[in-house]
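Every value quoted in this text rests on a predicted model; they were computed, and no experiment measured them. Residue numbering restarts at 1 for every chain, and letters A, B, ... go by the order of the sequence lines.
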Amino acid sequence: DAGVIQSPRHEVTEMGQEVTLRCKPISGHNSLFWYRQTMMRGLELLIYFNNNVPIDDSGMPEDRFSAKMPNASFSTLKIQPSEPRDSAVYFCASSRDRGTGNTIYFGEGSWLTVV
Amino acid sequence: GEDVEQSLFLSVREGDSSVINCTYTDSSSTYLYWYKQEPGAGLQLLTYIFSNMDMKQDQRLTVLLNKKDKHLSLRIADTQTGDSAIYFCAETGFSGGYNKLIFGAGTRLAVHP
């Protein structure tokens, strides 16, 4: 079975550019999570969706960040404009139910470097 | 609020046991988890324990839960070089009617010959 698929795996961009990260959750999963991982702050939950509806976006750092889930098989996380402090690994994860951890599956991550 | 704390580093000799510790704050957490992250990869669920249990064993892994002290530990028996990774403790937090995972900062386990 295909797991959570993220793209791009690696991206290097210049400050001020728009960055779009993409995620395809596991088929049949109805919850989707975006996490950010940095050395300084560890793993932070940015936003999560249930049945394509944003449930909690309190972790989104600021207005430069936005996330959408137009359908059950696709989500995007957009940063506009990007800044060097946004450099991190961004993980997408999905689960079948309301998010009990025994069913949460992570993608391989998108490694973002903003120069 | 919710918070999960772990020590950042642990170094062990191959063949010895490793014990990774974690403390959490939310006493209402239903499940507590251990995830493993290998270099360049995402997080993989290793094991979890339900909050009404004290211990769970799964092959080389033993999870101990002390609810009174809000302390969780992961013991890896006969540690191998392939166990070198970052190990994350996580608890469930409840928000907007839904559960979410709160992660610790991760413990980097280094296994040396």
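In the hydrophobic clustering of ILVMFWY residues, with side-chain heavy atoms under 4.5 Å counting as a link, Tyr31(B) and Met55(B) come out apart. Val89(A) and Val114(A) fall into different hydrophobic clusters, defined by Ile, Leu, Val, Met, Phe, Trp and Tyr side-chain heavy atoms under 4.5 Å apart, directly or through other members.
Interface remark: of the candidates Gly106(B), Ala105(B), Gly40(B), Gly40(B) forms the most heavy-atom pairs closer than 4.5 Å to chain A.
Counting heavy-atom neighbours within 6.0 Å of Arg108(B) CZ, excluding the residue itself, gives a total of 12 or less. When the shell of 6.0 Å around CG of Asp63(A) is examined, it contains 12 or fewer heavy atoms from other residues, nucleotides or ligands. Enclosure of atom CE in Met15(A) is not indicated, since only 12 or fewer non-hydrogen atoms of other residues, nucleotides or ligands lie within 6.0 angstrom. Counted within 6.0 Å of NZ on Lys56(B), heavy atoms from surrounding residues, nucleotides or ligands total more than 12; the atom is thus considered enclosed. Atom CD of Glu62(A) has more than 12 neighbouring heavy atoms from other residues, nucleotides or ligands inside a 6.0 Å radius.
Within the 4.5 angstrom heavy-atom criterion, atoms from both the backbone and the side chain of Ala41(B) approach chain A. Residue Arg41(A): no heavy atom, backbone or side chain, is found under 4.5 Å from chain B. No part of Glu44(A) comes within reach of chain B, as not one of its non-hydrogen atoms sits under 4.5 angstrom from that chain.
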Test side-chain contact (heavy atoms from CB on, under 4.5 Å) on Leu45(A) and Leu101(B); report intermediate values, then the result.
CA-CA 8 Å; Leu45(A) 177 63; Leu101(B) 286 183; over 6 Å; no
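Listed here is the closest heavy atom pair of Phe106(A) and Leu43(B): CB-O, 3.4 Å.
Contact annotation: the side chain of Gln37(B) approaches that of Phe91(A) to within less than 4.5 Å [non-hydrogen atoms, C-beta and beyond].
Atom OH of Tyr35(B) and atom CG of Leu43(A) lie 10.5 Å apart (nearest 0.5 Å). Put simply, CZ on Phe103(B) and CD on Gln37(A) are 9.5 Å apart, with the number rounded to the nearest 0.5 Å.
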